[in-house]
Amino acid sequence: MKRLFRVVCILFVMLPGTSEGQSNGVPPYKDSSLPVAQRVQDLLGRMTLEEKVAMLSGENWMQSVANKRLGIPSIKMTDGPAGIRSWAGPSHGADATAAKIEVHTTAFPAGIAMGATWDTDLLESQGHAIGQEEKALGRDMILGPTVNINRTPLWGRNFEAYGEDPYLTSRLAVAYIRGVQSEGVIATVKHFAANNQEFERHRINAEVDERALQEIYFPAFKAAVQEAQVWSLMSAYNRLNGTYCAENPRLLTDVLQKQWGFENFVVSDWGSTYSTVGTVNAGMDLEMPGGEPMKHWLKQPDSQAAGNGGGWLVPEKVLPEIKAGKISPTAIDDNVGRILRAIFISGQFDHPHTGGGEVDTPEQRAFVRKAATESIVLLKNSGDVLPLDPAKIRSVAVIGPDAAVAVTGGGGSSHVTSKYSITPLQGIQDRAGERVHVSYAPGVTMEGEGPSKENPAEREELRKEAVEAAGKADAAIVVVGRSPKLESEDFDIKSLDLPAGQDELIEAVAKANQNTVVVINAGGPVLMSKWITKVPAIVDMWYGGQEGGNAIAAILFGDANPSGKLPVSFVKRWEDSPAYGHYPGEHLTVEYAEGIYVGYRYFDKHSVDPLFPFGYGLSYTKFDYSDLKVSPSASVGKPAQVSLQVRNSGSRAGADVVELYVHDGHSTVDRPEKELKGFRRVTLAPGESKTVEFSLDPANLGYYSTAKKAWVTEPGQFDVLVGSSSRDIRVKGSFTLN
Ligand code: BGC
C-alpha cells in the first residue's frame, strides 16, 4: 500500500500539463518557485493549439492576447524610448478605433541627447524611471531602446538612437535595459536590423555586408541580448539582404537564437509582416498590432501603396498552414513559449501591474533636468563668451523659432506628451532673474509653420525686429533647429541645412551683436558653414525633453559646466558623409557601400575633416591627461590594463568624458584607424586629479572574419589612444597581444 502511494506520488509530479501535475491544487505553471522553463512547458501542455495560435498576433494596437481560461495576462505595451508615449492619437489605446485616454507622462531627453552624456549610470536611472512610470500606468512593456546606428545624418529617426558608434550605443542600451527590466518591465530593443533610414522603410532592401553587420549594426543588439538579457526584441520594417527582417531566418534564427542564444520573444514592428509560414518559422513570435486596429489600418487608402504589411499571423491564416504541414506544432510551441517565458521571467504573471501610481514625480523631473543638462554639448566658445556673467550682462535678447516653444523631442512614435515643458526662453528668463533684462523676438517662423516664406515683407519685418533686439542687448541667444514636423519617424530629413531663414537670421543677429550665442535644438547635425566663423559661441541642446529650457539656461549662465560629447560626427557638408552616394538607394535597394567605415571610422580612413568630430565637446574648465600606463602584454583571458591621471586644471568644477580608442596596425585585414573601446565620465573639483582605469579584453578587440565566420583578434601590437575626442588624442601607449 505504501509502495503504491509512492508510485502515485511520483506520477503526480511527473505529469505536468495534467490536473494530476498539481500540488496543493496549484498547477506547476502557477507556482512561482518553479523554474521558468518548467512553468512554460507546463502551461504549453495545457493549451489547445487554437489558444496558442491566438497568441501570435496582438489583441489590438498595444496589447497582446490574454488567455482568461488559464490566467495568461495580456502584455500591455507603450511606445518609447524617451518616456511613455501618450495614448492620445490614432495609434494608441487598448482599441485604436475607440475613444482615447490621454496620458501625460515625463518627456525624457531624446536618445541622441542621452547618447551625448556618455553616462551609463544615467541611462540606467532613466531605465528605472521609465519602468516606474510604466508600472504606475499599469503597463508592462516599453518599446525601446532604439539602437540603430546613425549611418546617415539625414535619417529621420537619428534623434531616437545613441549615435554612430556601436560600442557607445551598446553600453548605453545595456544600461537602459537593465534599469527598465529591474522594475519588472519588459524592454524592447529595436529595430533589428539595419533600419537606418525612413525613406521607403516598408519596402527598402538594405544590402549590408556581413562584416559591417557584425561590427557596426549588430553589436548593440547582441549586447542587449547577452549582457542585459533583454526580454523582447523588435524586428525592423525593411528587408535585409533581400529578405524582410520579420521573416528573415538568417537574422532571427541563425544570429539571434543560435549565435547569441536569445530565448525571449521577437515582436514585429507595427505592420511589418509579409507572410505567414516564413514569419512563424523564422521565429518572429508576436505580430503587432492585431485585432480591429490592424484591419482598420490595412484598409487605409494609401496603406498598400506605402507597402504596409501586417495581418499575417492571425488564426485564420496560421491554422490552415499548420494543417497543411507547413508550420509544425513544435514551431508554434517555440514561438508561444518565448512569449510566455518573458511573461514569467518579468514577474508579470505572478505580480501583474495594476497601475494607479504617480507619473512625472518631482524625482522624475529632477532626473530629467540633470540628464538634459549633462547632454548639452559646447561646440564653440571663442573669447570665453560663455558662461554669461550676470554681474556683467544686464540684458539678453532671446531670438529664434525654437526659443519660445519647447521642442522636447522629434516626431513619431517616440513623441511624449508631457504635463509641462520649459522653453529655452522661459528657462533663461527664470534664471536671469530681476537684474538681467530678457527680450524676445522669433526672428523667423519655423519652416512649414508660418507665412513668412511666401511673404518676404513679413519675413523681413520679423528679422528686423530680432536684429533690433540683438543690437540693444549685451548678448544675443539665437535658438535655431528643427521641429517634429521636420524631423520625425516616417520620413527622412530633407536637408542638413537649418530650416528656411535660420542661417540668414543668425548672420543678421551676429552682425548686430558680437556676443551672439547660437543654440541648436535638433536631433542631429546641422550645417553651419555659412555662419560658424561669425559667431563666438555655439551650443547643442539636442531635444532635451520637458526640462530642456532649464538645462540650457543652467549651461548658458554657468550653473553647470558643459560636459556632453558628440555621439555623432558633424559634417561640413552633406557630400562629406560616409553614406553620400549610397543613400537613399535606387530601385528600392540601398547599398551600404561604405561597409564598416561609418562615422569617424570613415573620416579617419579618408582623411576628411569633419566640422566637429565624434566625441567632441568643450568645457568651461580644463582637463589634463597624463601618466598613461598600459600593461605591456595581454593574452586571451588576461586583459590589458590601462590607467591614466586626469586633472581639472581649470577654476570650475566639472565633468569630463575620457575616451579610449584602440588601433590594430598589424592586422591582415583593413581595420579602422581607431575604434572606441572604453570611456569614463569623471567629475573633478578645480585642481583635483583622479586615476581612470580601463581593462581591455582581447576578445573585444578583434574584427569579424567573413572567411572564418567568427571574430578574430590577431596577436601583435595594439595602440591605445586616449583623448577628449576622436580627433583630440592626448596620450598614447601600446601593448602586445601574445
Ligand atoms: C515604429 C516603432 C514603434 C511602433 C509602435 C512603428 O511605426 O517603427 O518604433 O514602436 O510603430 O508605435
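Every number for a ligand or one of its atoms is a count from 1 in the order of the listing. Atom set for the values below is all heavy atoms of this structure, side chains included, hydrogens, waters and symmetry mates excluded.
Nearest heavy-atom pair across Asn264 and Phe262 is O-CE2, 3.1 Å. Across every non-hydrogen atom of Asn308 and Leu298, the tightest pair is O-CD2, 4.3 Å.
For ligand 1, the polar-atom distance check against Tyr237 finds a nitrogen or oxygen pair separated by under 3.5 Å. Residue Asp79 has at least one nitrogen or oxygen atom sitting less than 3.5 Å from a nitrogen or oxygen atom of ligand 1, judged on distance alone.
Using a 4.0 Å heavy-atom cutoff, Met62 is listed among the residues neighbouring ligand 1. Contact annotation: His191 has at least one heavy atom less than 4.0 Å from an atom of ligand 1.
Taking the six-membered ring for Trp and thresholds of 30 and 60 degrees, Phe221 and Phe192 have ring planes inclined between 30 and 60 degrees apart.
Residue-ligand proximity, Met234 to ligand 1, at heavy-atom distances under 4.0 Å covers atoms 10 (O). The atoms of ligand 1 that sit less than 4.0 Å from any heavy atom of Trp270 are 4 (C), 5 (C), 11 (O). In summary, the atoms of ligand 1 found under 4.0 Å from a heavy atom of Glu489, numbered by their order in the structure, are 1 (C), 6 (C), 7 (O), 8 (O). Here is the list of ligand 1 atoms found below 4.0 Å of a heavy atom in Lys190: 2 (C), 3 (C), 9 (O), 10 (O). Per-residue contacts place Arg157 under 4.0 angstrom from the following atoms of ligand 1 (heavy atoms of the residue considered): 1 (C), 2 (C), 8 (O), 9 (O).
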Practice problem: Show the numbers, then the answer: is there a ring pair (Phe, Tyr, Trp, His ring centres under 6.0 Å) between Trp118 and Phe614? | Solution: CA-CA 12 Å; Trp118 299 53; Phe614 173 80; 5.3 Å; yes
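When only modelled atom types and interatomic distance are considered, Gln197 and Tyr583 share no side-chain donor-acceptor pair under 3.5 Å. Defined by atom type and a distance below 3.5 Å, a donor-acceptor pair is present between the side-chain atoms of Asn196 and Tyr592.
Counting heavy atoms under 4.0 Å from ligand 1, residue His202 does not touch it at all.
Here the two rings, on Trp297 and Trp61, have centers that are under 6.0 Å apart.
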